[in-house]
Visitor: 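Handing you this structure, nothing more for now.
Chain naming here is simple, since letters A, B, ... match the order of the sequence lines and numbering starts at 1 in each. Note that these values count all heavy atoms, side chains included, but never hydrogens, waters or copies made by symmetry.
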Number of protein chains: 2
Amino acid sequence: MVEIDGFDRKILAQLQEDASRTNQQVGERIGLSASQVSRRRQRLEEAGVVRRYRADIDPAAVGLAVVAFVGVALNAHSRQNARRFRDLVRSLPEVQEAHVLTGDMDYMLKVVVADLAGLSVFINDELLPHDAVRNVRSSIAMETLKDDNRLPFAI
Amino acid sequence: MVEIDGFDRKILAQLQEDASRTNQQVGERIGLSASQVSRRRQRLEEAGVVRRYRADIDPAAVGLAVVAFVGVALNAHSRQNARRFRDLVRSLPEVQEAHVLTGDMDYMLKVVVADLAGLSVFINDELLPHDAVRNVRSSIAMETLKDDNRLPFAI
DNA sequence: AGTGAAAAACAATGGCG
DNA sequence: CGCCATTGTTTTTCACT
């Protein structure tokens with residue numbers, strides 16, 4: 001793992017907040033020259049600390065109205081089943097996030113679809129037919145209070 | 001809501017994937033000139049379709065090793081309590097996402113902290129003392145299979 | 001709605017203290 | 001690490017279709 005000092009953390013905090021800031025703007029806010037910000041950014045990008053830059057798009061604007069959390073229990077805890085299930089969820093575009101959880105449900109998926117019909121299709125046609133899947137329990141997000149995905153790292 | 005045509009969707013798809021692509025590069029991939037990509041981007045940004053640009057940072061690189069999903073039930077379903085709880089979760093930096101859910105738990109939080117001790121502090125010192133909170137049930141992500149937060153919009 | 005070229009802004013490097 | 005200068009890119013605007 002790469003060394004990260006206070007300046008690096010400040011740069012990361014700035015870019016997490018708004019990646020369209022120029023090196024000059026970032027530098028002004030943290031007391032560093034633009035050229036140094038440029039060099040540090042390159043280093044952080046090459047080291048994989050910055051994984052990528054992305055545009056955060058309003059889901060409603062592209063016709064996606066339903067966010068759901070889907071808990072999935074697998075049939076048997078065989079290595080084979082688990083691997084096939086992982087390949088499945090990674091390949092499904094509706095799945096924004098997939099985590100292996102402690103507790104009664106094996107997996108937790110965050111799913112985004114256009115509407116409730118889309119959620120039904122996703123569960124019944126994509127998830128349940130997979131024979132590693134034993135059962136599925138979904139909760140729909142009626143409202144999203146916060147969705148910024150900022151990491152709370154100390155600066 | 002703003003009109004979004006096929007070109008706009010293609011631009012959004014490109015920038016969601018990698019926001020560091022230049023207008024020229026985006027244009028080449030979708031068959032449009034850089035100047036048109038620039039104009040459409042500005043329109044999409046001003047309309048709020050692109051909400052922001054952000055750097056996606058590796059949590060482990062900044063010392064954040066624990067992701068947990070925390071279900072929260074409130075004491076009473078008073079409007080007052082709900083509002084105060086919303087203000088709380090919005091203000092807590094450890095909370096990446098907060099959703100109002102259907103089902104038995106009122107709220108679902110996605111929380112990122114440094115370690116299990118940090119999760120304990122978060123739950124016991126930040127969440128439970130709030131008198132709107134009745135009970136809390138947390139599941140820790142032992143492994144994250146997918147975490148790209150890409151929207152699956154048709155292009 | 002689109003292209004292409006010019007102007008302005010920016011990123012990335014290298015050299016020096 | 002700051003500062004400065006240079007070079008190549010990129011964005012943005014403008015004239016034109």
Visitor: Does A:K110 come within less than 4.0 Å of B:E97, counting only side-chain N to carboxylate O?
Guide: yes
Visitor: To the nearest Å, how far apart are B:Q24 CD and D:dT9 C1'?
Guide: 10 Å
Visitor: Does a nitrogen or oxygen in the side chain of A:N23 sit under 4.0 Å from OP1 or OP2 of C:dC10?
Guide: no
Visitor: Between A:L44 (CG) and C:dA11 (P), how many Å, whole number?
Guide: 16 Å
Visitor: Answer yes or no: is there an ion pair linking B:R134 with B:D106, defined by an N-O contact shorter than 4.0 Å?
Guide: no
Visitor: Provide, to the nearest angstrom, the distance between the CD atom belonging to A:Q25 and the P atom belonging to D:dT11.
Guide: 15 Å
Visitor: Using OP1 and OP2 only, check whether a side-chain N or O of B:Q42 sits under 4.0 Å from D:dT13.
Guide: yes
Visitor: Tell me which nucleotide among C:dT3, D:dT12, C:dG2 gets nearest to the side chain of B:S33.
Guide: C:dT3
Visitor: Looking at A:R150 and B:E94, is there a salt bridge between them, counting it only when a charged N and a carboxylate O are closer than 4.0 Å?
Guide: no
Visitor: The side chain of B:R40 is closest to which nucleotide in this list: D:dC1, D:dT12, C:dG2?
Guide: C:dG2
Visitor: By nearest atom, which of the nucleotides D:dG2, C:dG2, D:dT11 is closest to the B:F7 side chain?
Guide: C:dG2
Visitor: Applying the salt bridge (Lys or Arg N to Asp or Glu O under 4.0 Å) criterion to B:D8, which one of B:R41, B:R40, B:R39 satisfies it?
Guide: B:R40
Visitor: Going by an N to O cut-off under 4.0 Å, is there a salt bridge joining B:D87 and B:R83?
Guide: yes
Visitor: In whole Å, what is the span from the OH atom of B:Y53 to the P atom of C:dC10?
Guide: 16 Å
Visitor: Looking only at side-chain atoms of B:R39, point me to the closest of D:dA15, C:dA11, D:dC3.
Guide: D:dA15
Visitor: Between A:Q36 and D:dC3, does any side-chain N or O lie under 4.0 Å from OP1 or OP2?
Guide: no
Visitor: Tell me: CZ of B:R43 to P of D:dT12, nearest whole Å?
Guide: 15 Å
Visitor: Please state whether the phosphate of C:dA12, meaning OP1 or OP2, lies under 4.0 angstrom from any side-chain nitrogen or oxygen of A:S38.
Guide: yes
Visitor: Select base, sugar-phosphate, or nothing to describe what A:G31 touches, counting heavy atoms under 4.0 Å on all strands.
Guide: sugar-phosphate
Visitor: Checking only heavy atoms, does the side chain of B:S35 share a donor-acceptor pair with the base of C:dG4 at less than 3.5 Å?
Guide: yes
